There are 2 protein chains.
Amino acid sequence: MYPNILRHPGPTPIPKKVELAMTENMISHRTEEFVRLYKDATERIKSVFGTKQDILLLPSGGTAALEAAVVNTVSPGEEIVVITVGAFGDYFVSICEKYGLHVHKLEKNWGEACTKEELVEFLKPLSNIKAVFATYNETSTGILNPVKQLAEAVHEHSNALFIIDGVSGIGGAPAEMDEWGIDILVTGSQKAMMLPPGLALIAVNEKAWKVIEDNSSTSYYLNLLSYREWAAKSMTPNTPAISLIMGLSAVSDLIEEEGGFSKTIERHEVMKNMVRESMKALSIELLTSDEYASPTITAIRTPEGLNLAAYLGHLKKKYHLDFAGGLGPLQGKIFRFGHMGYCFPSDVLQAVSLMEAGLQDFSYEFEPGAGVKAAQDVFLSSLKKVAYVK
Amino acid sequence: MYPNILRHPGPTPIPKKVELAMTENMISHRTEEFVRLYKDATERIKSVFGTKQDILLLPSGGTAALEAAVVNTVSPGEEIVVITVGAFGDYFVSICEKYGLHVHKLEKNWGEACTKEELVEFLKPLSNIKAVFATYNETSTGILNPVKQLAEAVHEHSNALFIIDGVSGIGGAPAEMDEWGIDILVTGSQKAMMLPPGLALIAVNEKAWKVIEDNSSTSYYLNLLSYREWAAKSMTPNTPAISLIMGLSAVSDLIEEEGGFSKTIERHEVMKNMVRESMKALSIELLTSDEYASPTITAIRTPEGLNLAAYLGHLKKKYHLDFAGGLGPLQGKIFRFGHMGYCFPSDVLQAVSLMEAGLQDFSYEFEPGAGVKAAQDVFLSSLKKVAYVK
């Protein structure tokens with residue numbers, strides 16, 4: 001009966017058009033219909049990656065995409081750098097360690113970004129690095145790393161590959177894979193991409209393909225060469241996640257309807273500013289600085305004196321508003337407000353209003369309406385950027 | 001406009017109830033709602049596996065499930081046996097070879113099953129086998145291997161694990177994992193399970209868990225211990241294929257509605273007999289003997305003198321009837337008639353009728369109606385077995 005107001009970092013709400021596209025008649029993956037679907041879905045989504053490379057589709061979650069980026073490019077014992085600014089950077093580290101790589105960890109405090117200068121310094125003493133791995137949008141803290149600048153640092157230093165975890169960023173944040181010099185860019189379907197979980201998207205440039213061709217990967221399912229070989233025929237080596245690919249095609253329809261991906265990016269930027277300004281107006285602290293703030297998710301510090309678990313539980317139970325708590329060291333200290341994918345400024349106004357209602361229920365001292373007003377102000381002053389307001 | 005009559009070996013048609021279940025409001029995988037969904041979906045599907053073990057759900061295709069069964073149980077250099085009776089047995093061999101296992105291949109001609117006696121003989125000289133891998137239902141030939149008897153042979157010989165690829169069998173063929181002594185049973189969602197592709201289901205018994213605990217698997221995404229650890233909390237280590245799990249729950253509703261899984265098995269048995277008797281009535285040869293014939297897919301030899309590619313293309317184009325061709329050495333020599341999952345005796349009658357229509361279009365010499373009549377005869381004499389006929 002009641003809507004589930006899913007303001008999580010993902011999975012995120014699915015647009016009706018995408019849901020319906022996913023219920024198209026099932027087809028075989030060895031037919032002309034599938035070839036047409038595959039071409040349409042993979043060609044049109046390139047703009048979201050900012051690449052001319054093929055987008056490979058794996059029937060798997062984002063974790064598998066990260067693992068594919070590791071297992072196809074580097075071998076046990078080789079030296080790599082992982083830039084970690086939160087839980088998902090640490091996740092990348094775990095995958096690399098599992099494969100026996102020699103990991104140099106460039107670790108930042110949770111809530112901070114890694115700057116180009118820091119990476120330059122970190123790389124200086126390292127002379128044998130095969131790859132640098134980084135998270136674009138750190139879901140646990142709401143940090144958007146400056147990957148364009150980080151790419152410069154990597155390429156100025158050596159011939160190492162620059163490999164990016166784009167999960168929770170790609171689809172909502174700007175991405176110019178080719179222009180910025182990202183060698184491999186991977187993401188999952190369930191965050192800013194407006195799809196249910198279960199589809200991994202991977203783009204690989206020529207430089208990375210050369211490395212992959214020389215790599216003796218032991219993985220079968222995650223063997224990217226095999227995906228490339230079949231992609232040349234607009235097919236996949238094993239049964240693909242057909243309904244999600246039907247949905248991916250519909251995602252491109254929606255992006256076109258919005259006026260192209262640049263408008264989608266602008267909408268996310270506006271939502272980010274709405275959330276941040278509303279929290280400032282409520283004197284509730286943000287975890288990150290404005291400079292590196294994510295356009296898809298905002299980490300909000302626990303309002304002083306509030307029992308966070310009780311507050312989040314109350315919002316969920318009474319108002320059906322679903323925020324995510326903090327992970328690891330930030331548990332109990334922050335909560336995370338997702339504003340990615342199928343989310344609009346009106347949804348931000350709604351969520352901020354309900355947050356305020358919840359604060360009143362907890363007799364929290366604040367000026368009711370101040371948060372919503374600040375969000376409205378950003379919205380009204382950004383109307384030109386928001387395609388759906390005519 | 002026109003229905004796609006998908007009589008493929010998979011992907012297969014999706015029931016409306018499953019499609020709708022998959023469009024339920026998206027939820028986060030770290031919520032009580034998900035825990036309820038996970039419990040419901042995994043508990044109720046156990047009957048289809050014939051097991052009391054937990055069913056683990058991986059967001060991936062069937063190939064990944066096969067790879068998980070390999071990478072978690074055996075290590076490079078170890079000796080294993082792979083029973084292969086067709087393309088998907090060979091697929092298992094490729095995965096094992098990729099991981100550097102010492103593979104003893106028990107290979108049968110395509111179209112034949114592997115019997116217990118053959119396995120007993122094959123195992124005799126082998127004293128250090130860690131696992132025996134076999135395909136239950138070989139999709140490329142329509143063979144159902146006698147896994148109950150094969151399990152006896154394995155367990156009489158040694159302590160080796162018996163690991164079964166259940167893709168295209170599980171959901172339509174009888175399976176008594178616990179009673180038969182299958183140690184690991186894996187399958188995918190898109191064949192007899194009535195779901196779109198993208199969900200792997202894996203059941204592991206205590207004996208296999210002991211081996212897995214001692215194994216130093218390098219895979220991260222396919223690490224079964226990590227899935228077991230999270231399953232204890234009715235969750236998954238990474239974002240699961242949530243919409244497919246919603247669908248899986250609906251699949252159990254449908255099976256209940258049919259009168260329980262034994263009725264589902266009987267329906268598949270009836271459809272198998274309908275297809276086989278209709279081909280015999282048309283004097284069109286079957287690839288396999290009745291004894292080991294699959295209840296989910298039937299391989300039919302090219303009717304004498306017919307241009308198979310042209311015939312299949314014609315059925316597809318004119319009648320929207322989609323059969324699959326032969327794989328590998330059987331290309332051009334057989335075609336495959338899928339009758340699994342959301343398929344009913346009425347669908348078999350329809351497909352046989354359209355096949356006959358196509359034969360007439362090709363001026364093939366036969367007695368029109370003979371195939372349909374034979375299928376009808378089987379249907380009418382089996383009415384008690386078919387739950388949906390009241």
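Labels below follow one simple rule: chain letters A, B, ... track the order of the sequence lines, proteins then strands, and each chain is numbered from 1. Keep in mind it's a predicted model, so treat the numbers as computed, not measured.
Listed here is the closest heavy atom pair of B:I334 and B:A299: CD1-CB, 3.8 Å. A pairwise comparison of heavy atoms in A:V82 and A:C96 identifies CG2-SG, 4.1 Å as the closest pair.
Residue B:P240 touches chain A through its backbone alone, counting heavy-atom pairs closer than 4.5 Å. Using a 4.5 Å cut-off between heavy atoms, A:L58 does not touch chain B at all. Using a 4.5 Å cut-off between heavy atoms, A:P9 does not touch chain B at all. If you measure heavy-atom distances from B:L66 to chain A, you find no contacts under 4.5 Å at all. There is no contact between B:P76 and chain A, counting heavy-atom distances below 4.5 Å. Within the 4.5 angstrom heavy-atom criterion, only side-chain atoms of A:L6, from C-beta onward, approach chain B.
For the options A:G198, A:G62, A:P59, heavy-atom pairs under 4.5 Å to chain B are most numerous at A:P59. Per-residue counts of heavy-atom pairs under 4.5 Å with chain A were compared for B:P197, B:P13, B:G100; the largest is that of B:P197. Of the residues considered (A:I14, A:I95, A:V70), A:I95 shows the highest number of contacts with chain B, using heavy-atom pairs under 4.5 Å.
Here A:F133 pairs with A:F92 under the ring pair (Phe, Tyr, Trp, His ring centres under 6.0 Å) rule; sequence neighbours left out.
For the pair B:V103/B:I80, a side-chain contact is recorded, criterion being any heavy-atom separation below 4.5 Å from C-beta on. A:L327 is listed as a side-chain neighbour of A:F88, based on a closest heavy-atom distance under 4.5 Å. Contact check for B:F335 versus B:L315: no side-chain heavy atoms found under the 4.5 Å cut-off. B:L201 places none of its side-chain heavy atoms less than 4.5 Å from the side chain of B:L56. Inter-residue side-chain proximity for B:P11 and A:I242 is flagged as met; some heavy-atom pair is nearer than 4.5 Å. Residues B:V18 and B:L20 have side chains not in contact (no heavy-atom distance under 4.5 Å, counting atoms from C-beta outward). In this structure, the side chains of B:L244 and B:P196 come closer than 4.5 Å at one or more pairs of heavy atoms.
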List, with distances to 0.1 Å, the donor-acceptor pairs found between chain A and chain B - the cut-off being under 3.5 Å and no angle criterion applied.
from: A:N4; atom 1: ND2; to: B:M26; atom 2: O; distance (Å): 3.4
from: A:M26; atom 1: O; to: B:N4; atom 2: ND2; distance (Å): 3.4
from: A:E33; atom 1: OE1; to: B:K316; atom 2: NZ; distance (Å): 3.0
from: A:E33; atom 1: OE2; to: B:K316; atom 2: NZ; distance (Å): 3.1
from: A:G61; atom 1: N; to: B:Y221; atom 2: OH; distance (Å): 2.8
from: A:E67; atom 1: OE1; to: B:Y220; atom 2: N; distance (Å): 3.4
from: A:E67; atom 1: OE1; to: B:Y221; atom 2: N; distance (Å): 2.5
from: A:E67; atom 1: OE2; to: B:S219; atom 2: OG; distance (Å): 3.4
from: A:E67; atom 1: OE2; to: B:Y220; atom 2: N; distance (Å): 3.0
from: A:K98; atom 1: NZ; to: B:S217; atom 2: O; distance (Å): 3.4
from: A:Q190; atom 1: NE2; to: B:T239; atom 2: OG1; distance (Å): 3.3
from: A:S217; atom 1: O; to: B:K98; atom 2: NZ; distance (Å): 3.4
from: A:S219; atom 1: OG; to: B:E67; atom 2: OE2; distance (Å): 3.4
from: A:Y220; atom 1: N; to: B:E67; atom 2: OE1; distance (Å): 3.4
from: A:Y220; atom 1: N; to: B:E67; atom 2: OE2; distance (Å): 3.0
from: A:Y221; atom 1: N; to: B:E67; atom 2: OE1; distance (Å): 2.5
from: A:Y221; atom 1: OH; to: B:G61; atom 2: N; distance (Å): 2.8
from: A:T239; atom 1: OG1; to: B:Q190; atom 2: NE2; distance (Å): 3.3
from: A:K316; atom 1: NZ; to: B:E33; atom 2: OE1; distance (Å): 3.0
from: A:K316; atom 1: NZ; to: B:E33; atom 2: OE2; distance (Å): 3.1

